[in-house]
Amino acid sequence: MLKIRIIPVLTFNGLALVKTKQFANPRMVGNPVQAARVYNSRGVDELIFVDIFASRQQRKLNLPFVKQVLKECMIPLGVGGGIRDLDDVSAVMKAGADKVVLKTIAMEQPGFISAVARKYGEQAITIAVDAKRQEDGSYAVFHHSLPPKPIETFIREVEAAGAGELFVNSVDHDGMMGGFDIELYQQVSELSNLPLIACGGAGEPAHFATLFEGVRIEAAASASIYHFTQYTPDDIKRELYHRGFPVRLLSTVKKYD
Amino acid sequence: MTTILDYGMGNLASVSWALDKLGMPNRISFEDGDLESADYLILPGVGSFREAMQNLRERGLYEAIRREVLEKGKPLLGICLGMQLLASYGEEDGGSAGLDLIPGEVLRFQEKGLRIPHTGWNELTGFEESWIGETGECDRNYYFIHTFHFVAREEADVAAWVDYGGPVVASVHKGNVYGTQFHPEKSQATGLKLLETFFKRCA
């Protein structure tokens, strides 16, 4: 049976690991390679790296460090940040990553998704859906410079274009550590049959249980909980295990080492 | 020496780094000489079946692989799309013939309500008597990420199953030809152990 994925997200500003609150006020929280090493030693399911300023600063991803992480860690990895053309995608895949995480280009040119899918397959494409609640209670995709788009429209567009996964971030809950935006994921879960990753708001293992109990979803990502509390990904999985969810436990993997 | 087959598609670096961890000398190539002098062949792959077959043919690898495997009995491990290419036929993009080393078809997942692609860690079943069982006791979750799956014509060629909307072929094995739908090079310690088993077995 497919296991729930618990995925740490590493957001960086091109140089250092940072963490935001509601997509603003980034604080430096460490070294991305070191963080990846620690996660890998804890047997994490997968990692996501995003250079959150690459697009607006119009620069490319720092790939040597991606390569350094993957040389050491045999782990599934999604990489995003300023990816705009097939050469960018090729560079990321050659560095050993499994998926590219696209946002700006997906909003500007959904046709690019199809071009990537033709060359690398749909499974190589994760679309970042940064959702912000609007005044009327609906959700729209938020971008620092592009106009908002209703999430239903955006999700249908990217799925039709060949996306392989949706990485759905709650802008409002990001960094707040008060729990996931359950209503957002209930909506998205109904809109698409693509694999979904919920992200934004986790502060303790119980928040994950609330998510999986309330939504048809199989993956959750987070960052603040690992930077600012003592909880590890395995603590979260053990909570889920005790609540009857299928997870891959570190203790089982390590038992045979 | 292991030759990791380069046909312009696939995560070659990760496979090479995994082999480095095992101390298995390896190179990435498509040259005939490098296939001939190799003791083991690995066929990785990510992307379109049709384009992959086209690339293999263009680089002369279609004949070279079949020659090394069928005439010289060289061990071959296909990973992900690489396992799918071992089939007789793949329906993607209008359909194309595969390497035809293990009879079967590669079809798209169809089950309603199933999230597609099949993405994440999933547990193998029915592997106990197969080459996969030779790793000895270990966790049996491996990382899968695929939109199409291999439907084997002979059950005897299936080495392991996984459950995703019903039983799905997770590994194939016929003589000196092996395949894993999942990525051992992305499955941490569990995956590394399996790669080690492949080499031990085929030494």
Side-chain angles (χ1 to χ4, degrees), chain A residues 1-7 40-41 43-46 67 70-78 90 93-99 116-126 162-166 189 192-197 216-219 246-257, chain B residues 8-18 20-21 45-52 80-81 92-93 109 111-123 125 135-148 162-165 183-193 195:
Chain A
M1 144 146 242
L2 187 68
K3 304 296 181 293
I4 282 177
R5 287 178 287 158
I6 296 300
I7 307 171
N40 185 63
S41 71
V44 284
D45 296 326
E46 187 167 330
K67 229 177 176 169
L70 286 172
K71 258 194 179 172
E72 297 176 23
C73 314
M74 291 168 59
I75 188 165
L77 178 69
S90 173
M93 302 304 261
K94 282 205 167 98
D98 301 279
K99 311 174 210 177
V116 179
R118 263 193 303 275
K119 200 164 157 65
Y120 297 96
E122 294 160 11
Q123 83 299 322
I125 305 163
T126 297
E165 182 173 65
L166 300 177
S189 182
S192 173
N193 234 20
L194 289 175
L196 300 177
I197 305 172
R216 182 180 78 100
I217 192 169
E218 292 79 28
V247 286
R248 177 181 161 254
L249 286 177
L250 184 61
S251 51
T252 316
V253 174
K254 289 275 187 209
K255 189 158 68 158
Y256 303 105
D257 253 346
Chain B
M9 296 168 76
N11 196 337
L12 307 168
S14 292
V15 176
S16 178
W17 295 330
D20 289 342
K21 287 184 165 64
V46 163
S48 152
F49 186 106
R50 183 190 202 89
E51 183 167 336
C80 195
L81 174 65
E92 189 172 6
D93 279 340
F109 276 111
E111 285 45 67
K112 282 228 164 311
L114 210 56
R115 293 199 182 280
I116 291 160
H118 175 208
T119 307
W121 296 82
N122 204 339
E123 197 163 349
T125 58
T135 56
E137 286 277 300
C138 71
D139 187 74
R140 289 302 177 180
N141 288 293
Y142 299 86
Y143 194 82
F144 289 82
I145 178 167
H146 59 117
T147 310
F148 290 79
V162 72
D163 173 51
Y164 197 60
H183 288 269
E185 80 285 8
K186 290 287 173 161
S187 297
Q188 295 175 325
T190 315
L192 196 62
K193 215 169 194 179
L195 286 170

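Letters A, B, ... are given to chains in the order of the sequence lines, protein chains preceding strands, and every chain is numbered from 1. From a predicted model like this one, the values you see are computed outputs, not experimental measurements.
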Interatomic distance, A:Arg248 atom CZ to B:Asn141 atom CG [nearest 0.5 angstrom]: 7.0 Å

Residue A:Glu165 versus chain B: region with a heavy atom under 4.5 Å: side chain

Between B:Ser16, B:Gly113, B:Gly191, the one whose heavy-atom pairs under 4.5 Å with chain A are most numerous: B:Gly113

Atom group of A:Arg216 that falls short of 4.5 Å from chain B, counting heavy atoms: both

Inter-residue atom distance A:Gln123.CD - B:Leu81.CG, 0.5 Å rounding: 8.5 Å

Part of A:Ala95 lying under 4.5 Å from any heavy atom of chain B: backbone

Contact winner vs chain B - A:Asn40, A:Leu77, A:Ile4, A:Leu249, heavy-atom pairs under 4.5 Å: A:Asn40

B:Trp17 and A:Lys67: CA distance, side-chain angles, deciding distance, side chain to side chain contact (heavy atoms under 4.5 Å, CB included) verdict: CA-CA 10 Å; B:Trp17 295 330; A:Lys67 229 177 176 169; 3.7 Å; yes

Nearest-0.5 Å distance, OG of residue A:Ser192 to CZ of residue B:Arg115: 6.5 Å

Reported OG1-to-CZ distance for the pair B:Thr119 and A:Arg5, which is rounded to 0.5 angstrom: 5.5 Å

Pairwise side-chain contact, B:Asp93 with A:Arg118, heavy-atom cut-off 4.5 Å (strictly under): no

Segment of A:Ser90 engaging chain B (4.5 angstrom heavy-atom cut-off): neither

Chi angles and distances behind the side chain to side chain contact (heavy atoms under 4.5 Å, CB included) call for A:Met93, B:Asn11: CA-CA 7 Å; A:Met93 302 304 261; B:Asn11 196 337; over 6 Å; no

CG on A:Asn193 to CD on B:Glu111, rounded to 0.5 Å: 11.5 Å

Separation between OG of B:Ser14 and NZ of A:Lys71, rounded to the nearest 0.5 Å: 11.5 Å

Leading residue by heavy atom contact count with chain A [cutoff under 4.5 Å; candidates B:His183, B:Glu51, B:Lys21]: B:Lys21

Heavy-atom side-chain contact between A:Leu70 and B:Lys186 under 4.5 Å: yes

Test log, rule salt bridge (Lys or Arg N to Asp or Glu O under 4.0 Å), inputs B:Glu123 and A:Lys3: CA-CA 8 Å; B:Glu123 197 163 349; A:Lys3 304 296 181 293; 3.1 Å; yes

